[in-house]
Amino acid sequence: MTPLILALVAGAVVGLALGGLGGGGSVLAVPALIYPLGFTPAQATTAGLIIVTLTTVTALVGHARDGNVAWRTGLLFAAAGIVPATLAGAAAGRLPQSVLTLAFAVIAAAAALRMLRPAPAGTADRVRPGRAGAAGAVLGAVTGFLGVGGGFLAVPALAGVLSLPMRRAVGTSLLVIAVNSLAALAARAGTGTHLDWAVIAPFTAAAVLGAWDGKRLSARLAGGTLRRLFAYVLLVVAVLMLTDALL
């Protein structure tokens, strides 16, 4: 396949993940940019943030229209992660690429296993400032360090730690992703990383279109099915990246 076709296919998959699962965009985009498209890990993590930020805003609009965004919880969660995301983003550029790949794989696997555990009963939009702030700060640091929007961790945290119903967790995670991604991008500005816009532009366009299809897909699936689907995709990606980092 040509780079353009690969970018379009990968972008569509990323969009489906973000629109349907409220996360997983970067955790899928980064490997796609590294392996078939030939980006370095540093280039892929920065490009992934750009792609996911633009796609997330598109997906967020659709979920907000359906009332599936817990704005107070999401904003508190996201605000707590801004400073950690900025600091971690600045530090990530000084680490070996193999360390970033290994850390990415380990955290993705941990998030997947957490999501496969039985989900607690969801509660209505009840904000727990201490728990939301602590979870948001950890997520922000991971976002900045690994160059991911954090949805693959935000969804388990919002559904498990903060007890939001799965559909509300999916929509709220998009708000968190948007804020954290912008903070991490700001930290990486001016680092001199070369980006191939001939790949990034079609990748992003396909992801934006895919996000709308993903949102419609999420409306047809049960919350438990969404959790399991998300977790299995993460496990596959984690195993592939872990193998690459260790061999």
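Because only heavy atoms are used, hydrogens play no part in the values below, and waters and symmetry mates are left out as well, while side chains stay in.
Within the model, atoms CD1 of I177 and CG of L60 stand 9.5 Å from one another, a figure rounded to the nearest 0.5 Å. Of the inter-residue distances, the one linking Y232 atom OH with L116 atom CG reads 5.5 Å to the nearest 0.5 angstrom. With values rounded to the nearest 0.5 angstrom, L182 atom CG is found 9.0 Å from I82 atom CD1. With rounding to the nearest 0.5 Å, the separation of CG in L18 from OG1 in T55 is 6.0 Å. W71 CH2 to L175 CG: the interatomic distance, rounded to the nearest 0.5 Å, is 5.5 Å. In this structure, L8 CG and L209 CG are separated by 9.5 Å, a value rounded to the nearest 0.5 Å.
The two residues A32 and A10 come nearest to each other via the heavy atoms CB-CB, 3.9 Å. Here the closest heavy-atom approach between residue V176 and residue G74 is recorded as CG2-O, 3.7 Å.
Between the H63 side chain and the G19 main chain, a donor and an acceptor come within less than 3.5 Å of each other. Using modelled atom types, no side-chain atom of D66 and backbone atom of N68 make a donor-acceptor pair closer than 3.5 Å. T172 contributes no side-chain N or O that, together with a main-chain N or O of A169, makes up a donor-acceptor pair within less than 3.5 Å. Formation of a donor-acceptor pair under 3.5 Å by the R168 side chain with backbone atoms of G67 is found in this model. With T45 contributing its side chain and A42 its backbone, the two residues share a donor-acceptor pair below 3.5 Å.
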